[in-house]
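Keep in mind it's a predicted model, so treat the numbers as computed, not measured.
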Amino acid sequence: SGDWHSVVQPLALPPLLLGSGSAVRRQILEAAGVSFEVRKPDIDEKALGDRGREPEKLVRLLAEAKADALLSALERRDTDRLILT
């Protein structure tokens with residue numbers, strides 16, 4: 001019976017792209033020891049939707065808009081990235 005740490009292999013993730021200017025998200029990733037690059041998408045969050053809508057729908061709308069903006073700005077060689085918005 002060995003220690004499970006010696007059996008479990010670390011998860012190999014593609015390069016992480018943080019598509020947010022959030023200092024909190026950056027701190028969480030840094031504290032977890034995750035390497036990442038920050039690229040803030042060029043979108044106007046306030047123009048995207050009604051702030052009175054359901055919070056879950058608004059969060060999804062903003063996340064998809066950020067991801068779409070980042071994907072369109074990425075160069076062909078960067079398409080293997082994992083995007084976190």
Side-chain angles (χ1 to χ4, degrees):
S1 81
D3 182 4
W4 67 270
H5 288 93
S6 62
V7 177
V8 176
Q9 297 295 318
L11 181 62
L13 294 174
L16 180 63
L17 179 60
L18 176 60
S20 170
S22 168
V24 173
R25 288 192 182 133
R26 189 177 3 230
Q27 290 170 349
I28 291 169
L29 292 171
E30 288 171 348
V34 175
S35 70
F36 60 96
E37 177 184 349
V38 177
R39 288 195 200 173
K40 189 173 179 206
D42 186 22
I43 62 167
D44 181 1
E45 291 184 21
K46 291 182 180 174
L48 284 177
D50 174 17
R51 297 293 182 197
R53 75 171 56 206
E54 295 175 46
E56 295 86 6
K57 290 183 179 179
L58 180 59
V59 168
R60 181 179 300 268
L61 175 72
L62 293 173
E64 289 174 352
K66 287 179 181 181
D68 287 344
L70 289 169
L71 283 171
S72 67
L74 285 176
E75 295 179 19
R76 216 172 261 186
R77 62 180 166 74
D78 289 334
T79 56
D80 67 338
R81 300 197 178 227
L82 178 63
I83 297 175
L84 175 65
T85 62

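Hydrophobic cluster membership of Val59, counting Ile, Leu, Val, Met, Phe, Trp and Tyr whose side-chain heavy atoms lie under 4.5 Å apart directly or via other members: none, as it forms a cluster of its own.
In this structure Asp44 satisfies the side chain to side chain contact (heavy atoms under 4.5 Å, CB included) test together with Lys46, Ala47, sequence neighbours excluded. Not counting sequence neighbours, Lys40 has no partner by the salt bridge (charged side-chain N to carboxylate O under 4.0 Å, His left out) test. Evaluation of the salt bridge (charged side-chain N to carboxylate O under 4.0 Å, His left out) rule for Glu56 yields no partner, not counting sequence neighbours.
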Using a 3.5 Å cut-off and no angle test, enumerate the donor-acceptor pairs between side-chain atoms of residues 64-74 and protein atoms at least two apart in sequence or in another chain.
{"unit_1": "Lys66", "atom_1": "NZ", "unit_2": "Glu45", "atom_2": "OE2", "d": "3.2"}
{"unit_1": "Ser72", "atom_1": "OG", "unit_2": "Asp68", "atom_2": "O", "d": "3.4"}
{"unit_1": "Ser72", "atom_1": "OG", "unit_2": "Ala69", "atom_2": "O", "d": "3.0"}

Output a table of donor-acceptor pairs, distance under 3.5 Å, between side-chain atoms of residues 18-35 and any protein atom two or more places apart or on a different chain; print 'none' if there are none.
{"unit_1": "Ser20", "atom_1": "OG", "unit_2": "Ser22", "atom_2": "N", "d": "3.0"}
{"unit_1": "Ser20", "atom_1": "OG", "unit_2": "Arg25", "atom_2": "NH1", "d": "3.3"}
{"unit_1": "Ser22", "atom_1": "OG", "unit_2": "Val24", "atom_2": "N", "d": "3.3"}
{"unit_1": "Ser22", "atom_1": "OG", "unit_2": "Arg25", "atom_2": "N", "d": "3.1"}
{"unit_1": "Arg25", "atom_1": "NH1", "unit_2": "Thr85", "atom_2": "O", "d": "3.4"}

